[in-house]
J.: 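Let me give you the structure first, and then I'll get to my questions.
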Protein chains: 4
Amino acid sequence: MRSNDGRTFTETARRTQITQAAIDVIAEIGYAKASIRKIAERVGVAMSVVLYHFASKDELVQAIINHAYREAIDAIVPELELERTAAGKLRTYILANAFFLRTHRTQYAAVMDIGMSYRTADGDLVNSLSIDPELMAGFTKLDVATILRQGQESGEFCDFDVERTATAIRGAVINGPIMEVMLNPEFDLDGYAEELVALFDRATRRG
Amino acid sequence: MRSNDGRTFTETARRTQITQAAIDVIAEIGYAKASIRKIAERVGVAMSVVLYHFASKDELVQAIINHAYREAIDAIVPELELERTAAGKLRTYILANAFFLRTHRTQYAAVMDIGMSYRTADGDLVNSLSIDPELMAGFTKLDVATILRQGQESGEFCDFDVERTATAIRGAVINGPIMEVMLNPEFDLDGYAEELVALFDRATRRG
Amino acid sequence: MRSNDGRTFTETARRTQITQAAIDVIAEIGYAKASIRKIAERVGVAMSVVLYHFASKDELVQAIINHAYREAIDAIVPELELERTAAGKLRTYILANAFFLRTHRTQYAAVMDIGMSYRTADGDLVNSLSIDPELMAGFTKLDVATILRQGQESGEFCDFDVERTATAIRGAVINGPIMEVMLNPEFDLDGYAEELVALFDRATRRG
Amino acid sequence: MRSNDGRTFTETARRTQITQAAIDVIAEIGYAKASIRKIAERVGVAMSVVLYHFASKDELVQAIINHAYREAIDAIVPELELERTAAGKLRTYILANAFFLRTHRTQYAAVMDIGMSYRTADGDLVNSLSIDPELMAGFTKLDVATILRQGQESGEFCDFDVERTATAIRGAVINGPIMEVMLNPEFDLDGYAEELVALFDRATRRG
DNA sequence: AATGAATGAGGCTTCATTCAT
DNA sequence: AATGAATGAAGCCTCATTCAT
């Protein structure tokens with residue numbers, strides 16, 4: 001019996017299960033120490049089972065990344081599309097990211113860790129890992145630069161460099177709190193998000 | 001002939017040399033693949049020389065962190081102390097950090113990588129690594145929260161939560177561009193810094 | 001419907017198909033790397049199909065050997081039987097072997113590779129693999145020693161030790177060119193065979 | 001304390017010891033099953049010791065090949081150089097090879113096995129393994145084609161194709177008996193060699 | 001102060017084989 | 001007749017660390 005991708009139902013289930021376990025393990029002990037053996041132990045199967053379902057550790061990492069991106073897109077993009085104004089979208093972008101980060105802490109941590117640690121055999125960084133192309137479409141909709149551009153075109157936002165400001169927002173909305181949360185799990189993400197909404201409203205609104 | 005810490009000059013020189021080599025290697029191939037042997041090769045000595053000077057890899061990592069922090073403090077704190085106003089200090093904080101990041105890219109990359117990857121044998125994160133206590137003093141002076149607090153007390157800055165805003169600024173000034181620079185070495189840090197100065201001026205100034 | 005050995009036609013066909021695929025794969029990547037999975041992929045079936053038809057890898061190897069020997073016997077023995085004189089048989093032995101080697105290069109390569117590489121779990125060499133007894137009869141007819149003996153009895157050949165000379169001829173006719181052909185696929189087997197015919201004629205003829 | 005090649009005496013001794021053990025193990029159980037672990041066990045050290053002295057299994061294989069070739073050259077070439085006539089050299093070539101094969105059975109077997117079994121990661125055969133260039137000189141002197149050419153030029157030998165006849169001689173002198181000896185360790189190599197001397201004398205001499 | 005040698009633990013991966021369907 | 005899933009054993013290799021010199 002086969003589902004899509006030419007994969008059995010069992011196969012799909014196992015892959016998901018392993019991917020989730022991998023995320024948990026990486027979040028807990030870090031990518032560097034998250035061996036295939038430990039991931040298998042978390043699932044409760046032999047190590048070779050993991051390699052039966054994922055041809056290599058690289059392929060598992062890729063699955064994790066795709067899984068995480070897909071969930072983020074599924075959680076955040078619909079929220080964004082409820083908003084009409086750029087200001088509303090920016091506000092939602094910040095709040096939805098914070099909410100997602102709070103509810104998917106381990107996933108975020110795992111992806112960030114992979115992002116810093118993972119290198120191919122050649123030593124290249126992770127963006128060489130091919131992201132599932134169909135994700136790319138949704139991915140673009142997650143891009144805050146698009147929101148900023150819309151806001152400038154509509155006259156809602158004041159004058160600033162879109163790309164650079166987008167980097168700044170990503171830094172404040174994503175990269176900063178990730179670190180914070182890793183070091184201090186008590187960090188109040190929702191309060192932080194509200195502060196950010198106000199901050200970037202002051203920083204972007206016209207007049 | 002002995003310098004401080006009961007270390008001879010030679011000893012101190014070798015330690016610095018090894019620390020630098022380690023930083024370069026980590027920045028180049030990532031912490032995960034930066035073995036003691038490769039670091040030793042970069043210096044041009046036998047692997048055991050590294051372990052002669054650093055009792056364990058943990059101790060070397062600690063030295064790297066202290067080295068990096070010390071250089072950052074030495075580079076940025078004096079700049080900050082030239083400024084009187086909180087707005088001036090915030091501006092300088094942003095610009096000096098950007099300049100330091102540009103001139104110490106490998107160091108930054110190495111520290112970030114360690115920050116995400118490094119765990120003690122127990123699985124604890126890197127902040128469990130004891131930071132040289134004498135650094136702590138200077139370290140506090142690097143804290144942007146202090147600047148923000150001063151600005152609110154002096155009435156230069158508008159009303160916002162100091163700690164949260166500090167996290168946001170660190171995210172935009174440090175965490176964000178680090179990622180950006182690692183993935184795209186051409187990223188224009190100076191232009192980015194100028195944009196940030198304007199952005200956070202709009203976001204923090206009273207009125 | 002059953003053919004001999006209590007095997008259905010389908011069964012026999014699959015076995016032949018798998019045996020052939022195995023030969024090709026072994027010739028291509030070597031016995032050491034020719035895993036059951038790769039052989040199954042060549043056939044286009046699941047790995048377990050191979051083990052459904054051959055109880056173990058040992059059994060598959062045995063089938064390969066028998067298959068190869070049978071083909072060699074079928075190709076060469078009839079040629080030999082057309083000849084009456086020992087000299088004619090020797091000549092034919094050399095030419096037919098060369099022709100067979102040229103047209104069954106992969107098979108030869110596979111069998112040679114197995115001959116050197118294959119050991120049972122106990123470490124024993126391949127001749128411990130039971131050769132299909134019915135092959136033995138034909139096999140004897142392939143033996144050059146028989147030809148030499150006939151030639152000495154008939155007075156065609158001069159005086160030499162039969163067994164030793166047979167080993168020499170096999171070395172020059174089979175073992176040598178196999179190596180040569182593996183390392184240099186352009187090697188002109190037919191020209192070589194003609195040279196051998198002349199050489200062993202000079203070496204064996206009376207007077 | 002260092003000997004040539006920038007290697008310690010201990011290092012050189014260990015390398016030799018490991019190379020010898022590897023040859024024995026390969027001859028005994030075949031290259032395919034001769035794992036680094038088993039070789040280490042034969043020496044009586046930990047597996048990682050082997051990899052401390054040889055960066056990879058490839059490097060060990062290369063050392064084995066070079067070792068075997070060097071010994072063959074050292075044993076046979078001086079014998080050849082004592083002879084003046086081509087016929088004498090051919091006779092010596094055959095006898096010296098047989099003697100060497102008898103006294104270095106395991107080495108021969110190991111090299112042959114590697115020759116058939118060894119593939120690089122790309123699947124290429126062993127001649128891609130770089131042979132120590134300084135060996136090449138002596139190696140050429142081992143080539144029977146050179147002897148045949150000399151014999152034709154001097155008029156000792158009759159007319160035949162040099163390259164093809166050389167292949168035939170190698171087949172009868174080396175490849176054939178190797179197989180024979182592997183399958184039947186009692187095979188009388190010296191008797192065989194004498195037969196070969198006579199055989200190839202008949203086959204090559206003028207008139 | 002430096003270093004060569006050795007080692008055990010662990011990492012990823014391949015493989016033949018078993019079993020339920 | 002075929003196959004997907006699972007698995008343990010083994011393979012090569014990297015690494016931090018210890019020790020004698």
Side-chain angles (χ1 to χ4, degrees), chain A residues 1-2 6-11 13-14 32-40 43-60 121, chain B residues 8 10-11 13-14 32-40 43 45-60 121, chain C residues 8 10-11 13-14 32-40 43 45-60 121, chain D residues 1-2 6-11 13-14 32-40 43-60 121:
Chain A
M1 194 79 83
R2 314 204 147 260
R7 286 204 186 99
T8 306
F9 287 132
T10 342
E11 166 83 4
R14 260 280 191 265
K33 296 203 168 175
S35 65
I36 290 184
R37 189 185 306 278
K38 291 204 192 99
I39 292 165
V43 179
V45 295
M47 179 184 48
S48 41
V49 172
V50 174
L51 287 157
Y52 173 73
H53 292 282
F54 298 90
S56 67
K57 200 183 183 187
D58 279 16
E59 210 182 88
L60 174 55
Chain B
T8 65
T10 338
E11 166 81 6
R14 258 281 192 263
K33 295 194 171 174
S35 65
I36 293 184
R37 172 162 269 126
K38 285 189 196 122
I39 291 165
V43 179
V45 296
M47 175 184 55
S48 29
V49 173
V50 173
L51 285 157
Y52 174 77
H53 291 282
F54 298 90
S56 69
K57 204 185 183 188
D58 280 16
E59 206 182 277
L60 173 56
Chain C
T8 65
T10 339
E11 166 81 6
R14 259 279 192 264
K33 295 194 172 175
S35 64
I36 292 184
R37 173 162 269 125
K38 284 188 197 123
I39 291 165
V43 179
V45 297
M47 174 184 54
S48 28
V49 173
V50 173
L51 284 157
Y52 174 76
H53 291 282
F54 298 90
S56 68
K57 204 184 181 188
D58 280 15
E59 207 182 275
L60 173 56
Chain D
M1 196 79 84
R2 315 203 146 260
R7 287 204 186 98
T8 304
F9 287 133
T10 342
E11 166 83 6
R14 260 281 192 265
K33 296 203 168 177
S35 64
I36 290 184
R37 187 183 309 277
K38 291 203 193 99
I39 293 165
V43 179
V45 295
M47 178 186 49
S48 41
V49 172
V50 174
L51 287 157
Y52 172 75
H53 292 281
F54 298 90
S56 67
K57 203 184 180 186
D58 280 15
E59 208 182 270
L60 174 56

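Chain letters run A, B, ... following the sequence lines, proteins first, then strands; residues in each count from 1. Note that the structure is predicted; figures quoted are calculated from it, not measured.
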J.: Between OH of Y52(C) and CZ of R14(C), what distance do you get to the nearest 0.5 Å?
T.: 11.0 Å
J.: For S35(A), which residues count as a side chain to side chain contact (heavy atoms under 4.5 Å, CB included) partner, sequence neighbours excluded?
T.: R37(A), K38(A)
J.: Measuring from atom NZ of K57(D) to atom CG of L60(D), what distance do you get when rounded to the nearest 0.5 angstrom?
T.: 8.0 Å
J.: Can you give the dot-bracket line for DNA chain E, using ( ) for pairs inside the strand, [ ] for pairs that cross earlier ones, | for pairs with another strand and . for unpaired bases, where Watson-Crick and G-U count if both distances are under 3.5 Å?
T.: .||||||||||||||||||||
J.: Sequence neighbours excluded, which residues qualify as side chain to side chain contact (heavy atoms under 4.5 Å, CB included) partners of T10(C)?
T.: T8(C)
J.: Whole angstroms only, please: what is the CG-P distance between L51(B) and dT18(F)?
T.: 8 Å
J.: When the nearest nucleotide of DNA chain F is assigned to A34(B) and to I36(D) on a heavy-atom basis, which residue is associated with the more 5' position?
T.: I36(D)
J.: Let me know the distance between NZ of K33(C) and C1' of dG11(F), rounded to the nearest Å.
T.: 12 Å
J.: What pair of heavy atoms forms the shortest contact from A34(A) to I39(A), and how long is it?
T.: O-CD1, 4.1 Å
J.: State which residues pass side chain to side chain contact (heavy atoms under 4.5 Å, CB included) with L51(B); sequence neighbours excluded, sorted by chain then number.
T.: I36(B)
J.: Can you list everything that forms a side chain to side chain contact (heavy atoms under 4.5 Å, CB included) with A46(C)? Sequence neighbours excluded, please.
T.: S48(C), V49(C)
J.: Just N and O in the side chain of K38(D): are any of them under 4.0 Å from OP1 or OP2 of dG11(F)?
T.: yes
J.: My understanding is that only residues two or more places apart in sequence, or in another chain, count here; which of them pass salt bridge (Lys or Arg N to Asp or Glu O under 4.0 Å) with E11(C)?
T.: none
J.: Whole angstrom is fine here: how far is it from CZ in F54(C) over to P in dA2(F)?
T.: 12 Å
J.: Could you go over nucleotides 5-9 of chain E and give all protein N or O partners under 3.5 Å, atom names and distances?
T.:
from: dA5(E); atom 1: OP1; to: T8(D); atom 2: OG1; distance (Å): 3.3
from: dA5(E); atom 1: OP1; to: E11(D); atom 2: N; distance (Å): 3.3
from: dA5(E); atom 1: OP2; to: E11(D); atom 2: OE1; distance (Å): 3.4
from: dA5(E); atom 1: OP2; to: Y52(D); atom 2: OH; distance (Å): 3.4
from: dA5(E); atom 1: N7; to: Y52(D); atom 2: OH; distance (Å): 3.4
from: dA6(E); atom 1: OP1; to: R14(D); atom 2: NE; distance (Å): 3.0
from: dA6(E); atom 1: OP1; to: R14(D); atom 2: NH2; distance (Å): 3.0
from: dA6(E); atom 1: OP2; to: H53(D); atom 2: NE2; distance (Å): 2.4
from: dT7(E); atom 1: OP2; to: A46(D); atom 2: N; distance (Å): 3.3
from: dG8(E); atom 1: N7; to: S48(D); atom 2: OG; distance (Å): 3.1
from: dG8(E); atom 1: O6; to: S48(D); atom 2: OG; distance (Å): 3.2

J.: Check the distance between dT14(E)'s P and D58(A)'s CG and give it to me in whole angstrom.
T.: 11 Å
J.: Between K57(C) and S35(A), which is nearer to the 5' end of DNA chain E once each is assigned its nearest nucleotide?
T.: S35(A)
J.: Rounding to an integer number of Å, can you tell me how far L60(B) CG sits from dC15(F) C1'?
T.: 14 Å
